[in-house]
Chemist: 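Before I ask anything, here is the structure I am working with.
In the text below, chain A, chain B and the rest are named by the order of the sequence lines, each starting its count at 1. Basis for what follows: all heavy atoms, side chains included, without hydrogens, waters or symmetry-related copies.
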There are 2 protein chains.
Amino acid sequence: MAHSHDVPSDLTRNQGLVLGALNHSEGPLSAYDILDKLRGDGLRAPLQVYRALDKLVERGLAHRLESLNAFVACADEHCHRKGLIAFAICEGCGKVDEFADAVIEDRLGDWASAKGFKVERTTMEIRGKCAVCVEAA
Amino acid sequence: MAHSHDVPSDLTRNQGLVLGALNHSEGPLSAYDILDKLRGDGLRAPLQVYRALDKLVERGLAHRLESLNAFVACADEHCHRKGLIAFAICEGCGKVDEFADAVIEDRLGDWASAKGFKVERTTMEIRGKCAVCVEAA
DNA sequence: TCTTGATATGTTATGTTATTACGCTTGCGG
DNA sequence: CCGCAAGCGTAATAACATAACATATCAAGA
Ligand SMILES: [Zn+2]
Ligand SMILES: [Zn+2]
Ligand SMILES: [Zn+2]
Ligand SMILES: [Zn+2]
C-alpha cells in the first residue's frame, strides 16, 4: 500500500535527498536545516537545497510555509492535491496539519470573480496550538 | 471625515514615521525599503524600523505580508478589524487588496473546533493579477 | 522629591534566509 | 557530431531579521 514516505523514482539525487530529509522530519525544516542534515551526503551549498526544493514544491511533493520560511513534505499520499491547501501550525510542538477545504476555496473564487482578480496561488496558514499542546498547557 | 491615512496621535516618533511611509506608499514595503525612505528623518538601523513595525502590527495599524516579507498600512479606516484578514496581492502592479470574510472565518473555526486546535493567528494571502493587470496582459 | 519600573531609543554586531553569476556535466534529439 | 535543456558545484553577495548592550523618558507611588 502506498505510503506518504514513498518517493517517486524519477527524482534526481539532490531532490531525493531533500525530500528524504523532509519526510524523516517531525516538523518543518528551513533550507539551512536541510543543508545541515545533508552535509554527510555531500551537499555543501544552500543553492543545492533551494534548487531541489523549487522542483519539489513545483511538483507538489513539498510545500513552503511562508510564515515560517520553512518547508514540509506533502502529507497527501499521492501528492496530487490541487487548489487551495491550508496548514495548521502548532507553536508548541511544531507539527503541521495539512488540509483542503472546498467551501473556503469556493468563497475565495467568488471574491476573485467579483473583483476580476486572477488567482495564481493561495497561501493559508493558521498558527496556534494543537490539541495535545493545549492539553499540556 | 476620517481617512485611512489619519494617524493616531499617541504613536512615538519612529512609529509615526514608519506608518507614514507605509501610508504614502502605493504598495507593500520591506523593512529595509522603509529604512531607506526614512534615512533623511534620522533613522539608521533596521532595528528601529522593526521595533516600530512590531508595535504597529500589534495594534492593527499595519499588517505583515508573510509571502512577501513586507508590510502594508491597514486599509481599514478605523483600524479595528478583528479576526481573519485576507490579502490579494497583484504580481503585476504590487497593489494589495485587504478584505475580511466571515464565511471563511467560520469555516476555519469549525475545522479548529473539530481538531481541538486553538487558533492564535491566521494568514491568508492570494497571489495573482488584479483586474487592471489582467486587462493589460 | 526621589526612586523605580515600563517603554522607547540608538548603535554595533551578528544571525538567518535567499539569490546571482559563472562554468561544467549529462542526456537526448537532429 | 552538434546544439540544447536540465541539472549540478561553487563562490560571492543580497535581503531579511535579531541579539546584546547602553541610554533616555516619563509616569506612578513612597
Ligand atoms: Zn500537500
Ligand atoms: Zn502541538
Ligand atoms: Zn487591516
Ligand atoms: Zn495589478
Chemist: Between atom CG in B:Leu53 and atom C1' in D:dC16, what is the gap in whole Å?
Modeler: 12 Å
Chemist: For nucleotides 17-21 of chain C, list the nitrogen or oxygen atoms of the protein found under 3.5 Å from its nitrogen or oxygen atoms, one pair per line.
Modeler:
unit_1	atom_1	unit_2	atom_2	d
C:dA18	OP1	A:Arg64	NH1	3.0
C:dA18	OP1	A:Arg64	NH2	2.4
C:dA18	OP2	A:Tyr50	OH	2.9
C:dA18	O5'	A:Tyr50	OH	3.3
C:dA18	N7	A:Tyr32	OH	2.6
C:dA18	N6	A:Tyr32	OH	3.1

Chemist: Are the side chains of A:Cys74 and A:Leu61 in touch, meaning some heavy atoms are under 4.5 Å apart?
Modeler: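 No. Closest side-chain heavy atoms not under 4.5 Å.
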Chemist: Using atom CG of B:Asn14 as one end and atom P of D:dA24 as the other, report the distance to the nearest whole Å.
Modeler: 16 Å
Chemist: Output yes when at least one side-chain N/O atom of B:Gln48 is less than 4.0 Å from OP1 or OP2 of C:dG10, else no.
Modeler: yes
Chemist: Below the 4.0 Å mark, does D:dT10 have OP1 or OP2 next to a side-chain nitrogen or oxygen of A:Arg44?
Modeler: yes
Chemist: Could you check how far CG of B:Leu38 sits from C1' of C:dT9, rounded to whole Å?
Modeler: 15 Å
Chemist: Could you check if a side-chain atom of B:Asp10 sits within less than 4.5 angstrom of a side-chain atom of B:Arg59, using non-hydrogen atoms only?
Modeler: yes
Chemist: Under 4.0 Å between a side-chain N or O of B:Thr12 and OP1 or OP2 of C:dT7?
Modeler: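 For C:dT7, neither OP1 nor OP2 has a side-chain N or O of B:Thr12 closer than 4.0 Å.
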Chemist: Given side chains that start at C-beta, do those of A:Asn14 and A:Arg51 come closer than 4.5 Å, heavy atoms only?
Modeler: no
Chemist: Less than 4.5 Å apart, side chain to side chain, heavy atoms only: is that true for B:Ser25 and B:Leu22?
Modeler: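 No - every pair of side-chain heavy atoms lies 4.5 Å or more apart.
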Chemist: Can you tell me how far C1' of C:dA8 sits from CD of B:Gln15, to the nearest Å?
Modeler: 8 Å
Chemist: Less than 4.5 Å apart, any side-chain heavy atom of B:Leu35 and any of B:Pro46?
Modeler: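 Of all side-chain heavy-atom pairs linking B:Pro46 with B:Leu35, at least one is under 4.5 Å.
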Chemist: Does any non-hydrogen side-chain atom of B:Glu91 lie less than 4.5 Å from one of A:Arg121?
Modeler: yes
Chemist: Just wondering, do B:Lys55 and B:Val18 contact through their side chains at under 4.5 Å, heavy atoms?
Modeler: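 With C-beta onward as the side chain, the pair stays apart.
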Chemist: Whole angstroms only, please: what is the CG-P distance between B:Leu35 and D:dA17?
Modeler: 13 Å
Chemist: Report whether B:Val96 and B:Leu29 are members of the same hydrophobic cluster (ILVMFWY, side-chain heavy atoms less than 4.5 Å apart, transitive linking).
Modeler: no
Chemist: Is it true that B:Ser67 and B:Glu125 share a donor-acceptor pair across their side chains at a distance under 3.5 Å?
Modeler: yes
Chemist: Rounded to the nearest angstrom, tell me the gap between atom CD1 in A:Ile34 and atom P in C:dT16.
Modeler: 16 Å
Chemist: To the nearest 10 degrees, what angle separates the axes at the start and end of the helix from C:dT1-D:dA30 to C:dG30-D:dC1, five pairs each?
Modeler: 20°
Chemist: Indicate whether any N or O donor in one side chain lies under 3.5 Å from an N or O acceptor in the other, for B:Ser30 and B:Asp33.
Modeler: yes
Chemist: Got A:Phe117 and B:Ile126 here, is their nearest side-chain heavy-atom distance under 4.5 Å?
Modeler: yes
Chemist: Could you state the atom-to-atom distance from CZ of A:Arg13 to C1' of D:dA6 in whole Å?
Modeler: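 To the nearest whole Å, that distance equals 18 Å.
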Chemist: In whole angstrom, what separates B:Lys55's NZ from C:dA6's C1'?
Modeler: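 My rounded result for the distance is 10 Å.
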Chemist: All N/O contacts under 3.5 Å from nucleotides 24-29 of chain C to the protein, with atom names and distances to one decimal?
Modeler:
none

